[in-house]
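Structure, as structure tokens:
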Number of protein chains: 2
Amino acid sequence: MVSLKDIAKACNVSPATVSKALNDQSDVSEETKALVCSVAKKMGYFPNSMARALKTNRTNNIGVLFVDEARSGLTHDYFSYVLDSFKRGAEAKGYDITFINSDKSNPNRMTYLEHCKYRGFDGALIACVDFYDPEISELVNSGLPVITIDHAFFGHSAVLSDNVRGMRDLVTFVVNNGHRRIAYIHGLPSAVTNSRLSSFYKTMDDFGISVPDEYIREAPYRDTKIAALETEKLLELDVPPTCIFYPDDFSCFGGVNVIKEKGLRIPEDISIVGYDGIRIGRHIEPQLTTLRQDTASIGLTAAEKLIDRIEHPRTTIEEQTMIEGTVFAGKTVKNLKA
Amino acid sequence: MVSLKDIAKACNVSPATVSKALNDQSDVSEETKALVCSVAKKMGYFPNSMARALKTNRTNNIGVLFVDEARSGLTHDYFSYVLDSFKRGAEAKGYDITFINSDKSNPNRMTYLEHCKYRGFDGALIACVDFYDPEISELVNSGLPVITIDHAFFGHSAVLSDNVRGMRDLVTFVVNNGHRRIAYIHGLPSAVTNSRLSSFYKTMDDFGISVPDEYIREAPYRDTKIAALETEKLLELDVPPTCIFYPDDFSCFGGVNVIKEKGLRIPEDISIVGYDGIRIGRHIEPQLTTLRQDTASIGLTAAEKLIDRIEHPRTTIEEQTMIEGTVFAGKTVKNLKA
DNA sequence: TAGAGTTACGAAAACGATTTCGTTGCATAT
DNA sequence: ATATGCAACGAAATCGTTTTCGTAACTCTA
């Protein structure tokens, strides 16, 4: 590895001058700068990020915390897209991304915060985690610039998919297609679930439609089996719904299976809607009607806000940014008015 | 941040001794070790990875190169699972993972190798890239420990999904179900495609079945549109196949759509098989018959081999490791013998 | 011509760890 | 009593940068 010293020798100046020249500081003559830069390029010089970080306390590196229950968020349709756009956004601004370890079974592991300090991350992205984990609070309140996705800690930046509006739009779409008997199999309790569920009730109420209790059921996100089970129960009701909402697109397919097994057709006999807008949903017939979350915007916004925080520390309270999704009409909702 | 010095002061010893004590070296008394360790814990000490890396030339950090054409490999069903298990394997051995920048549009970007040097990665994982990119060769031949997935550079470690055997097993399964007229829509040329295609021909030949040229078609991986188009052409042949192989599970759904549009049933009228074993394929009816690649093993093996390379540099030529997949029977292949 | 101001550069400390090479003190062998 | 060996520790250099501060040379003004 060629270092500052090597260039200094080659140019007959001091390492200090080389450093200043390369960083384009003012107290170096233009000629020297030109000389140093050309020699540096010729010798294939690249700074050593560790040495620089040691001195400047800046690593240009962002920690990413992405932990699903069993698996990591990497294989999660929604979050992998968010991470992908976050990565693009960060790279565009010269930041690298490294994962914060999540293997909780390791006996001499570090806490999330310890890991961040150890690596000297300039900031951290927190997504797809159990937000009630004390380690998360520790990290969020540590003073390190942090941004969370789909969960807001008071006084800290967050990027949120607009679930209230998303669910409202989705319900509105279905109601406008003439549906009145609408069931909702919602996900397990969480901030996201709460937003969607209350928005569901609220919107139905705004339309003057009452929701029978037996229309509201629960299934874990991305669980086709339980979604199928709950679908079955809904279909066996004396007055079954004409449309079923699912926790997400993935679990939705569990419902599809049961419906087809019973000899019912989608959407002629029963309508369904998912949530997320995962890629495969657009390539399967019938195309899934769903709320497509704007993952590109979510990830990019998170990157920009986090980096802004890092580069321009302020003292004001952080705001939350809502990212709107859009209803993807698909073909799984029948127009009852037609 | 509490440093070695702080602990040294608190313990009334030199920083050198503290370092040795924490690293469990032999020339420190047991009592001192105990004292230092307890004080370090009490003060919440954690080493500074940059300072350590600067001195030791080891970062315990692995670079990951994951570049799809337009999008990154993050959103790729197969590769995201591989990366996930790689991450687990690396974390278990105390390594972190950071992405090597892939945004080629950035004017003052570094090459992959430069980036690796800049960050001081101990090694790199290369997957899901254009292996003919000169920058990749530069990286592979730089002397940095490197492991590639699904592509073997001569003299370098690689982990390969056993496409030859996978395709053989898949063809055998289909033939054993009585099929003779088997078509194959293969992916665009690559090492992976070549392995599968030649194995397809070879296996068919072993069974004494000749393959008409018009049964062999091409479609990009994960492209439902073109797969649908090619499927249509196959179905319109005078003697259409009884079973169609697709580049992968995802593109397979493009075929499904066309088939259903034409009023044909799967598998009664036409059988189909995919490749990969993506998660959704198991949750959709009819369950997709496919070759399930062992992503867990691929990622884990890659991590272990790479880290072995890093920690035990040798001079011998590297070997390639084949990871076998398994046929997942599913329900999309009709048994013609029944 | 003396003083002030500016420009261009270098010496040296610092970041936080690791490591080499002494040095000291003590026990054991001769 | 002298030599030898070992155990336990510290001083100092080092990794590759950045940054502060000092200084030399030069220009300009009065």
Side-chain angles (χ1 to χ4, degrees), chain A residues 1-37 39-40 43-61 94 110 114-122, chain B residues 1-37 39-41 43-61 94 96 110 114-122:
Chain A
M1 281 291 300
V2 31
S3 74
L4 279 190
K5 269 187 201 166
D6 304 322
I7 300 178
K9 260 178 211 154
C11 292
N12 240 350
V13 295
S14 76
T17 304
V18 175
S19 171
K20 291 182 209 167
L22 292 176
N23 291 336
D24 202 29
Q25 300 220 5
S26 61
D27 64 340
V28 177
S29 72
E30 290 304 325
E31 310 140 52
T32 319
K33 272 184 195 172
L35 173 67
V36 167
C37 289
V39 169
M43 297 179 67
Y45 169 80
F46 256 87
N48 178 316
S49 68
M50 278 86 63
R52 173 176 289 177
L54 188 56
K55 192 66 180 119
T56 61
N57 266 322
R58 284 286 311 275
T59 55
N60 282 282
N61 201 0
M110 308 180 230
E114 283 168 349
H115 195 170
C116 288
K117 286 184 175 175
Y118 171 68
R119 283 287 177 201
F121 297 138
D122 293 335
Chain B
M1 280 292 300
V2 32
S3 75
L4 278 191
K5 268 188 202 166
D6 304 322
I7 301 179
K9 262 178 210 154
C11 293
N12 239 350
V13 295
S14 75
T17 303
V18 175
S19 170
K20 290 183 210 167
L22 292 176
N23 291 337
D24 203 28
Q25 301 220 4
S26 61
D27 65 341
V28 176
S29 72
E30 290 303 325
E31 310 140 51
T32 318
K33 272 183 196 170
L35 174 67
V36 167
C37 289
V39 169
K41 188 154 289 178
M43 299 180 65
Y45 170 79
F46 256 86
N48 178 315
S49 68
M50 277 86 63
R52 173 178 288 177
L54 189 56
K55 190 68 178 117
T56 61
N57 266 322
R58 284 284 311 277
T59 55
N60 281 284
N61 201 0
D96 283 347
M110 307 181 229
E114 283 168 349
H115 195 171
C116 288
K117 286 185 175 175
Y118 171 68
R119 283 285 178 202
F121 296 139
D122 294 333

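Letters go in sequence order (proteins before strands), and every chain restarts at 1.
- Panel note: side chain B:N61, backbone B:F121; no donor-acceptor pair is recorded below 3.5 Å.
- For C:dG10, one of the phosphate oxygens OP1 or OP2 lies less than 4.0 angstrom from a side-chain nitrogen or oxygen of A:T17.
- At least one side-chain heavy atom of A:R119 sits under 4.5 Å from a side-chain heavy atom of B:D96.
- Within residues 26-36 of chain A, no residue approaches DNA chain D, by heavy-atom distance under 4.0 Å.
- Although no hydrogens or angles enter the test, the distance criterion places a donor-acceptor pair under 3.5 Å between the side chain of B:S49 and the main chain of A:Y118.
- One can place CD1 of A:I7 at 12 Å from P of D:dG16, the figure rounded to the nearest angstrom.
- Taking atom NZ of residue B:K9 and atom P of nucleotide D:dG10, one finds them 14 Å apart after rounding to whole Å.
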Quick one: side chains of residues 9-18 of chain B, donor-acceptor pairs under 3.5 Å with protein atoms, not counting sequence neighbours, listed by atom name and distance.
residue, atom, partner, partner atom, Å
B:S14, OG, B:A16, N, 3.4
B:S14, OG, B:T17, N, 3.2
B:S14, OG, B:T17, OG1, 3.2

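- A:N48 contributes a side-chain N or O that, together with a main-chain N or O of A:M50, makes up a donor-acceptor pair within less than 3.5 Å.
- Contacts of B:N12 with the nucleic acid, taken as non-hydrogen atoms under 4.0 Å apart, involve only primed sugar atoms and P, OP1 or OP2.
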For nucleotides 12-18 of chain C, give me every protein contact, N/O to N/O, under 3.5 Å, one pair per line with atom names.
residue, atom, partner, partner atom, Å
C:dG16, N2, B:A51, O, 3.3
C:dA17, OP1, B:Y45, OH, 2.7
C:dA17, OP1, B:N48, N, 3.1
C:dA17, OP2, B:L4, N, 2.5
C:dA17, O5', B:Y45, OH, 3.4
C:dT18, OP1, B:N23, ND2, 3.3
C:dT18, OP1, B:R52, NE, 3.1
C:dT18, OP1, B:R52, NH2, 3.3
C:dT18, OP2, B:S19, OG, 2.6

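- Checking side-chain atoms of B:T59 against main-chain N and O of B:G120 turns up a donor-acceptor pair under 3.5 Å.
- The backbone N or O of B:Q25 lies less than 3.5 Å from a partner atom in the side chain of B:K33, making a donor-acceptor pair.
- Proximity of a side-chain donor or acceptor of A:D6 to a complementary backbone N or O of A:S3 within less than 3.5 Å is detected.
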